[in-house]
There are 2 protein chains.
Amino acid sequence: MVDKRIDPEKTALSVGDVAKRSGIKVSTVHYYDAEGLITSWRNHGNQRRFSRDVLRRVALIKIAQRVGISLEEIRQALSVLPHHRTPSKSDWQALSNQWRISLDDQIGRLMKLRNQMDECIGCGCLSLGQCPLRNPGDIQAHD
Amino acid sequence: MVDKRIDPEKTALSVGDVAKRSGIKVSTVHYYDAEGLITSWRNHGNQRRFSRDVLRRVALIKIAQRVGISLEEIRQALSVLPHHRTPSKSDWQALSNQWRISLDDQIGRLMKLRNQMDECIGCGCLSLGQCPLRNPGDIQAHD
DNA sequence: CTACGACCTCAAGTTAACTTGAGGTCAAGG
DNA sequence: CCTTGACCTCAAGTTAACTTGAGGTCGTAG
């Protein structure tokens, strides 16, 4: 059985490489490794080594965070991706569709809040139980 | 000098009153008092007493939080309101205009992020330094 | 008097996402 | 050999916004 792939040790990244190229701190790399968001192996000096796909993974993490998604949710979303292979374009498309839903939801919520504020500027009641601004549900108030 | 206002002790609210009527915990009332978001005085038993305007103040706090404004910023915004007088309609209008700006900003940011994600779905580059998704500035990428 | 409910203070805990600091190893270069 | 830079682990710290828990006082009702 001959493994025709390039020797991983030759292309492997150290923790400092990953940090620098991803724009995050070494401690953050440690943290993401510990939380299972990225994976590494150890060389004989017990130092972490990462395959290059980790760079793409960190990129996905950072974008998801901008969407407001928690690391735990991100970890779950990334866990279905294959390891040691750079996430493909279709992987990214599937993920970004998921996260797009979250983003649409947030935008919708903020716009609804804006509408409620506009409506409530006139009366200014702000009453608990009656004012939709105080009750993020669908209660009709200001009748 | 005759104070013609209603005796504050007769209309004063206890910490439990404020908590119940505002839908927050007693500990939160303590916390807001400690942080200077609301003010109280003590009776001879060293118990806090609040004037009724505090109910309106807590309402404003809760709405601002929904807009995503930090307590420190809320404290500053509320500090210009007169004490011991329920915030008026025009007070609420001034505040909500401020917070409306913040809300508009957030909505704009999320919509921009959504656009960037839509654009990046095609290429999936996600590169630090080139992809606007990885750089929340105005760098033009994907040229 | 006792029990209960409301109040008090002070300190520590929770949460998520990091970050810092202390104390150590290893490899390479001068 | 010493120095430097990169790595390691472990523990604690930071931030904001609460929340819990421990130990106490006071007033009222039975």
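Just so it is clear, the structure is predicted and the values come from calculations on it, not from any experiment. Every chain is numbered from 1 and lettered A, B, ... according to where its sequence line falls, protein lines coming before strand lines. The figures here come from the full heavy-atom set of this structure, side chains too, leaving out hydrogens, waters and symmetry mates.
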Quiz item: Which pair of heavy atoms, one from A/D33 and one from A/T39, lies closest together, and at what distance?
Solution: OD1-CA, 3.9 Å
Practice problem: Return yes if some donor-acceptor pair links the side-chain N/O of B/N97 with the main-chain N/O of B/Q93 below 3.5 Å, else return no. | Solution: yes
Quiz item: Taking protein heavy atoms under 4.0 Å as touching, what does nucleotides 9-26 of chain D look like 5' to 3' if B marks base contact, S marks sugar-phosphate-only contact and - marks none?
Solution: B-------BBBB------
Quiz item: What residues form a side chain to side chain contact (heavy atoms under 4.5 Å, CB included) with B/D17, not counting sequence neighbours?
Solution: B/L13, B/S14
Quiz item: Mind checking what makes side-chain hydrogen bond (donor to acceptor under 3.5 Å, both in side chains) contact with A/T28, not counting sequence neighbours?
Solution: none
Quiz item: Using the C1' atoms of five pairs at each end, what's the angle between the two axes of the helix from C/dC1-D/dG30 to C/dG30-D/dC1, to 10 degrees?
Solution: 40°
Practice problem: Check A/S40 against A/F50 and note the closest heavy-atom contact, atom names and distance. | Solution: CB-CE2, 3.4 Å
Self-check item: Separation of atom CG in B/D17 from atom P in C/dA6, rounded to whole Å
Solution: 10 Å
Quiz item: Can you name the residues that form a side chain to side chain contact (heavy atoms under 4.5 Å, CB included) with A/S70, not counting sequence neighbours?
Solution: A/E72, A/E73
Exercise. Identify, with sequence neighbours excluded, every residue that meets side chain to side chain contact (heavy atoms under 4.5 Å, CB included) alongside A/S102.
Key: A/V67, A/I69, A/Q106
Quiz prompt | Results of side-chain hydrogen bond (donor to acceptor under 3.5 Å, both in side chains) for A/D104 - residues two or more places apart only | solution = A/R100, B/R114
Exercise. Output yes when at least one side-chain N/O atom of A/S14 is less than 4.0 Å from OP1 or OP2 of D/dC7, else no.
Key: yes
Exercise. Report the distance from atom CG of B/L13 to atom C1' of C/dC7, rounded to the nearest whole Å.
Key: 15 Å
Practice problem: Using a heavy-atom cut-off of under 4.0 Å over every strand shown, decide if B/V15 touches base, sugar-phosphate, or nothing. | Solution: sugar-phosphate
